[in-house]
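First comes the structure, then the notes that go with it.
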Amino acid sequence: MKSDPENLLAELALQYHRYRKSDVEKDLRTYLEWIETRLPHCLSNAKPSSAEDVSITLGYRDLYRRLLLNYVVAALNIHDLTGTLDLKTQGKVVSQATALMKELDRTSPEPDLLRNVMRPVAAIAYEDLGQMPPEGSYATWLEAAKSSLSPWISYNMACHYAQPNSDKKAEMKKHLAIALLDPELKSWAKEDPSFLKLHRHEWFRVITGATAREIWEIEPFAAKKDTLAEVGIMKPSQLIPFSLTELQDHLALSLIKAKRLKRLASFALDVETAAVASGDKSFQSLHVEVTAALIDLGIETRSQIINDAETQKFVAKAIGQRCLIEIPMTDAESWLGKLTV
């Protein structure tokens, strides 16, 4: 606390987690403004006044570099969202990016661990800005990024190759495959503005797990999927005939949970039956996602469904986010209508 009385390290972590996945330009600009207020403080504390202050100085130097990197990445996220950067922001981000590259390339007795982690990501960001490479070790950092097996670095490379002016589709797919081994990145890729134009491609929906699920992949069935299979229950219609006592014994459930599981199995079967009877291929392929959305909304029987605009919007949005496809409100209305007759 003596070394960092303002607790800047914790504040940096908080702001990073608050804004790193933001897809709102106003929020990202707020983040840039926050970084701009902290950079001078970090830089001034990165200059030791005595030999005893060296370790503190190195800590502030790393914070300074991290703030520079976050600034550049956040600015690039604004570019991905809006398609452009105003001249004022562009001038600032180029200046900060240049300062970052110099910082990461500077010769000093301090350990290189944190700098080594930041260098590939910084090199990718600098490349994204379309600037002439600075003198120094930049080229080796970019090559390290291209050959890295780190999911996070590979994710940044995939974002780089996903830019509209890039013709490196194969490289983008390769890096994305590595990146999506990380569950957090796999989830975020479906929301990341960098990949918005890829949503229409089947291969992207498959690699991000955005395809429609089977009934046993949604909760609360997923938690008992293997146990259900062990007793021969492979679909909702096979679960319904089991008595509550049998479900409690086989699945180690309380009476309340056994009742709910059986109720939801009947509900899932109702939705599937209605989808098949409708002849609507979209409804048929997405009936499990309709069931999941309604369960998330607190609806567990057909009698609880209200086919109003609010429910339609919730169902359409939930399926759209999950499967990366646009669900027209008219479709949601039609599907819910077939469940309320």
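Along the sequence shown, the residues carry numbers beginning at 1.
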Q. Any donor-acceptor pair under 3.5 Å linking the side chain of Arg38 with the backbone of Leu67?
A. no
Q.
Consider salt bridge (Lys or Arg N to Asp or Glu O under 4.0 Å). Of Arg61, Arg115, Arg119, which one does Glu103 pass it with?
A. Arg61
Q.
Does any part of the side chain of Leu142, heavy atoms only, come nearer than 4.5 Å to the side chain of Pro120, both counted from C-beta?
A. no
Q) With a 4.5 Å heavy-atom cut-off, do Thr227 and His250 have their side chains touching? A) no
Q. Using 4.0 Å as the upper bound for N to carboxylate O, is an ion pair formed by Arg260 and Glu300?
A. yes
Q: Check the pair Val121, Trp152 against side chain to side chain contact (heavy atoms under 4.5 Å, CB included), reporting the backbone distance first and the verdict last.
A: CA-CA 9 Å; Val121 179; Trp152 287 87; over 6 Å; no
(Q) Between His287 and Ile215, does the side chain to side chain contact (heavy atoms under 4.5 Å, CB included) criterion hold? Intermediate values first, please. (A) CA-CA 9 Å; His287 71 86; Ile215 191 64; over 6 Å; no
Q.
With side chain to side chain contact (heavy atoms under 4.5 Å, CB included) as the criterion, how do Tyr60 and Ser44 come out once you've worked through the C-alpha distance, each side chain's angles and the decisive distance to 0.1 Å?
A. CA-CA 9 Å; Tyr60 274 107; Ser44 64; over 6 Å; no
Q) Does any non-hydrogen side-chain atom of Cys323 lie less than 4.5 Å from one of Glu289? A) yes
Q.
What verdict does the side chain to side chain donor-acceptor pair (under 3.5 Å) test give for Asp80 and Ser194, after you've listed the backbone C-alpha separation in whole Å, the side-chain angles of each residue and the deciding distance to 0.1 Å?
A. CA-CA 6 Å; Asp80 287 341; Ser194 300; 2.9 Å; yes
Q.
Applying a strict under-4.5 Å side-chain criterion to I, L, V, M, F, W and Y, I'd like to know whether Leu228 and Leu269 cluster together.
A. no
(Q) Is it the case that the side chain of Asp192 and the backbone of Phe195 share a donor-acceptor pair, with hydrogens and angles ignored and the cut-off at 3.5 Å? (A) no
Q. Taking the side chain as C-beta and beyond, is there a heavy-atom pair between Tyr155 and Ile178 under 4.5 Å?
A. no
Q: Flag yes if more than 12 heavy atoms outside Met329 fall under 6.0 Å of its CE atom; otherwise flag no.
A: yes
Q: Could you tell me whether a side-chain N or O of Lys262 sits under 3.5 Å from a main-chain N or O of Lys257, the two making a donor and an acceptor?
A: no
(Q) If you count heavy atoms of other groups shown closer than 6.0 angstrom to CD of Glu36, is the number above 12? (A) yes
Q. So Ser334 and Lys338, side chain to side chain donor-acceptor pair (under 3.5 Å) or not? Walk me through it.
A. CA-CA 6 Å; Ser334 173; Lys338 291 176 173 61; 2.8 Å; yes
Q) Is there a donor in the side chain of Asp308 and an acceptor in the side chain of Thr311, or the other way round, less than 3.5 Å apart? A) yes
Q: Taking Arg322 for its side chain and Lys317 for its backbone only, find out whether a donor-acceptor pair lies under 3.5 Å.
A: no
Q) Salt bridge or not for Glu171 and Lys146, using N-O below 4.0 Å? A) no
Q) With a 4.0 Å cut-off, would you call Glu272 and Lys235 a salt bridge? A) no
Q) Got a sec, which residues hit side-chain contact (heavy atoms from CB on, under 4.5 Å) with Arg66, two or more places apart in sequence or on another chain? A) Leu12, Tyr16, Leu69, Asn70, Met118
Q. Can you find a pair of side-chain heavy atoms, one from Ile124 and one from Met157, that are under 4.5 Å apart?
A. yes
Q) If you group Ile, Leu, Val, Met, Phe, Trp and Tyr by side-chain heavy-atom gaps below 4.5 Å, do Leu76 and Leu196 land in one group? A) no
Q: Return yes when atom NZ of Lys21 has more than 12 non-hydrogen atoms of other residues, nucleotides or ligands closer than 6.0 Å, and no otherwise.
A: yes
Q: Can you establish whether the number of heavy atoms outside Ile306 located under 6.0 Å from its atom CD1 is more than 12?
A: no
**Q.** Qualifying residues under side-chain contact (heavy atoms from CB on, under 4.5 Å), relative to Lys102, sequence neighbours excluded
**A.** Thr98
Q: Assess whether side chain to side chain donor-acceptor pair (under 3.5 Å) is satisfied between Asp128 and Gln163, documenting all intermediate values.
A: CA-CA 9 Å; Asp128 285 343; Gln163 292 185 74; 2.7 Å; yes
Q) Between Val206 and Leu181, is there a shared hydrophobic cluster once you connect ILVMFWY residues whose side-chain heavy atoms come closer than 4.5 Å? A) no
Q.
So that I can tick it off, tell me whether Lys313 and Glu310 are bridged by a salt bridge, with the cut-off set at under 4.0 angstrom between side-chain N and carboxylate O.
A. no
Q) Is a side-chain N or O of Ser154 found less than 3.5 angstrom from the main chain of Ala179, in a donor-acceptor match? A) no
Q.
Between Ile327 and Leu286, is the side chain to side chain contact (heavy atoms under 4.5 Å, CB included) condition met? List the steps.
A. CA-CA 10 Å; Ile327 304 297; Leu286 295 169; 3.9 Å; yes
Q. Are any of the side-chain heavy atoms of Tyr71 and Leu32 separated by less than 4.5 Å?
A. yes
Q: Tell me yes or no: between the side chains of Ser303 and Thr301, is some donor less than 3.5 Å from an acceptor?
A: yes
**Q.** Side-chain H-bond candidate by donor/acceptor type, Asn307 with Glu333, under 3.5 Å
**A.** no
Q: State whether Glu214 and Lys225 are salt-bridged, where the test is any N-O pair (Lys NZ or Arg NE/NH1/NH2 against Asp/Glu carboxylate O) under 4.0 Å.
A: no
Q. Is it true that Glu25 and Arg29 make a salt bridge, defined as a side-chain N closer than 4.0 Å to a carboxylate O?
A. yes
Q. Should Leu63 and Leu9 count as side-chain neighbours, where that means a heavy-atom distance under 4.5 Å?
A. yes
Q: Output all residues satisfying side-chain contact (heavy atoms from CB on, under 4.5 Å) with Thr208, sequence neighbours left out; order by chain, then residue number.
A: Leu180, Ala189, Lys190, Phe204, Ala210, Leu324
Q) Between Tyr19 and Tyr31, what is the ring plane arrangement, given parallel below 30°, perpendicular above 60°, and tilted in between? A) parallel
Q. Does the side chain of Glu11 reach to within under 4.5 Å of the side chain of Trp34, using non-hydrogen atoms?
A. yes
(Q) So, taking the atom named CZ in Phe283 and the one named CG in Leu339, what distance separates them when rounded to the nearest 0.5 Å? (A) 4.5 Å
Q: Show your reasoning for whether side chain to side chain donor-acceptor pair (under 3.5 Å) applies to Asp27 and Thr30.
A: CA-CA 5 Å; Asp27 291 344; Thr30 298; 5.1 Å; no
Q: Measure from the side-chain N and O atoms of Ser285 to the backbone N and O of Lys281, and report whether any donor-acceptor pair falls under 3.5 Å.
A: yes
Q: Considering only NZ, NE, NH1 and NH2 on the basic side and carboxylate oxygens on the acidic side, decide whether Glu184 and Arg20 come within less than 4.0 Å.
A: yes
